[in-house]
Amino acid sequence: MDVKEAINYLRYGGINMTSAALRSALRKNIIVGLPKENEKGNWFIPESSLRDYILQKTKSPIVGYNLGKEEERGNFRRKLITYDLGRNDFSTFLLQTMLENDYHFLVSNFTNGYNHFYIRYDQGNNIIHLIDDLFFGGTSAINWSTGYFIEDILFKIHGEKDHELTEKTVLLIYTCAERPYGGITYVGYNSAAKQFDFGVGRERAKEFINKEFLKRAENNREEGF
């Protein structure tokens, strides 16, 4: 922040300070900042430095709460993913929830927009549970169900490509729709054909079926997930 922005931030925290007083506090290192090169009298002041100063000067829990809320808003804006729904290129995003091994999976659609899937990763048994409620329309997960889905999800989780792990992993797609379309589709690696295919890995994976996802899959699409 510059001096003007810092004064406004301090005012937000309940502290009124003139520009001269702020510059004096900066020179005395009471508030930590850096002089801007080639800009006499101006400074760069980190938000964290101003926040620490405000918290030292106030005993109000409300001020601390408001500062924390404002910081989280800034973090949200900086990390926000923007996506042009009219783009034709292919992109995927894997966003972890507050729960361990739970994710939202966003995939560019074949036309416009994106698909939203919910994933639970069973790392111990090398199974990816993916629920497709069809609520948002677009391309169903079954039409995407090639080895690329498995490889992309594992790469985003582990941060590296592991072909052996990819080939050992089975993808279970729980489709929420009216019968006969609702149910589970298995996708795994067929080592004989050297490709991913439907039904592969079913015998191994069926004992680890996610009952919560299965219950959703047996309901109709209007319920959603």
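Just the heavy atoms: all of them, side chains too, but no hydrogens, waters or symmetry mates, feed the values below.
You'll find the side chain of His129 reaches within 4.5 Å of the side chain of Asp122, heavy atoms only. A 4.5 Å side-chain heavy-atom check between Arg120 and Glu212 finds at least one atom pair inside the cut-off. Two residues are said to be in side-chain contact when any heavy atoms from C-beta on lie closer than 4.5 Å; Asn115 and Leu106 fail this criterion. Side-chain contact check for Ile7 versus Ser19: some heavy-atom pair is nearer than 4.5 Å. A heavy-atom distance below 4.5 Å is not found between the side chains of Leu99 and Asn101. Side-chain atoms of Lys194 and Tyr189, non-hydrogen and from C-beta on, do get closer than 4.5 Å to each other. Within the 4.5 Å cutoff, the side chain of Ile127 has no heavy atoms near those of the Thr169 side chain. For the pair Leu154 and Glu160, the minimum side-chain heavy-atom distance is 4.5 Å or more.
Distance check, rounded to the nearest 0.5 Å: CD of Gln123 to CD of Glu100 gives 8.5 Å. Remark: Glu207 CD to Asn125 CG distance equals 7.5 Å, nearest 0.5 Å. Put simply, CZ on Arg23 and CD1 on Ile31 are 12.5 Å apart, with the number rounded to the nearest 0.5 Å. With values rounded to the nearest 0.5 angstrom, Ile173 atom CD1 is found 10.0 Å from Ile119 atom CD1. In this structure, Leu214 CG and Ile184 CD1 are separated by 4.5 Å, a value rounded to the nearest 0.5 Å. A distance of 8.5 Å separates OH in Tyr186 from CD in Glu203, rounded to the nearest 0.5 Å.
Proximity of a side-chain donor or acceptor of Ser49 to a complementary backbone N or O of Ile45 within less than 3.5 Å is not detected. Asp2 contributes a side-chain N or O that, together with a main-chain N or O of Glu5, makes up a donor-acceptor pair within less than 3.5 Å. Panel note: side chain Tyr174, backbone Asn210; a donor-acceptor pair is recorded below 3.5 Å. Within the 3.5 Å criterion, the main-chain N or O of Tyr53 finds no donor-acceptor partner in the side chain of Gln56. Side chain of Arg202 to main chain of Thr185: no donor-acceptor pair is present (N/O by atom type, distance under 3.5 Å, no hydrogens or angles).
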*Where do Tyr121 and Ile157 land on the side chain to side chain contact (heavy atoms under 4.5 Å, CB included) test, with the steps shown first?*
CA-CA 9 Å; Tyr121 179 41; Ile157 291 174; 3.7 Å; yes
*List the steps and the verdict of side chain to side chain contact (heavy atoms under 4.5 Å, CB included) for Phe149 and Leu130.*
CA-CA 10 Å; Phe149 244 31; Leu130 181 150; 4.0 Å; yes
*Before giving the answer on side chain to side chain contact (heavy atoms under 4.5 Å, CB included), spell out for Leu165 and His158 the whole-Å C-alpha distance, their side-chain angles and the decisive distance to 0.1 Å.*
CA-CA 11 Å; Leu165 177 61; His158 297 292; 3.8 Å; yes
*Given the rule in the side chain to side chain contact (heavy atoms under 4.5 Å, CB included) test, do Val187 and Asp197 qualify, once you have shown the distances and angles that lead to the verdict?*
CA-CA 6 Å; Val187 180; Asp197 209 346; over 6 Å; no
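In the hydrophobic clustering of ILVMFWY residues, with side-chain heavy atoms under 4.5 Å counting as a link, Met1 and Met17 come out together. In this structure, Val3 is a member of the same hydrophobic cluster as Tyr12, with clusters built from ILVMFWY side-chain heavy atoms closer than 4.5 Å. Taken together through direct or relayed side-chain contacts under 4.5 Å among Ile, Leu, Val, Met, Phe, Trp and Tyr, Leu50 and Phe44 form parts of separate hydrophobic clusters. Criterion: ILVMFWY side-chain heavy atoms under 4.5 Å apart, direct or through other members. Under it, Ile131 and Ile209 are part of a common hydrophobic cluster. Hydrophobic clustering, with ILVMFWY side chains joined whenever heavy atoms are under 4.5 angstrom apart, keeps Leu34 apart from Leu22.
Looking only at atom types and distance, the side chain of Thr92 has a donor-acceptor partner in the side chain of Lys156 under 3.5 Å away. At a cut-off of 3.5 Å, with distance as the only test, a side-chain donor of Asp102 or Tyr118 sits close to an acceptor on the other residue.
Considering every non-hydrogen atom in both Gly33 and Pro46, the closest pair reads CA-CD, 4.3 Å. Minimum interatomic distance between Lys168 and Arg204 (heavy atoms only, all atoms of both residues): O-NH2, 2.9 Å.
The number of heavy atoms from other shown groups lying within 6.0 Å of NE2 (His163) does not exceed 12.
Ring centroid separation for the pair His116 and Phe105 does not come in under the 6.0 Å cut-off. Between Phe196 and Tyr148, a ring centre-to-centre spacing not shorter than 6.0 Å is recorded.
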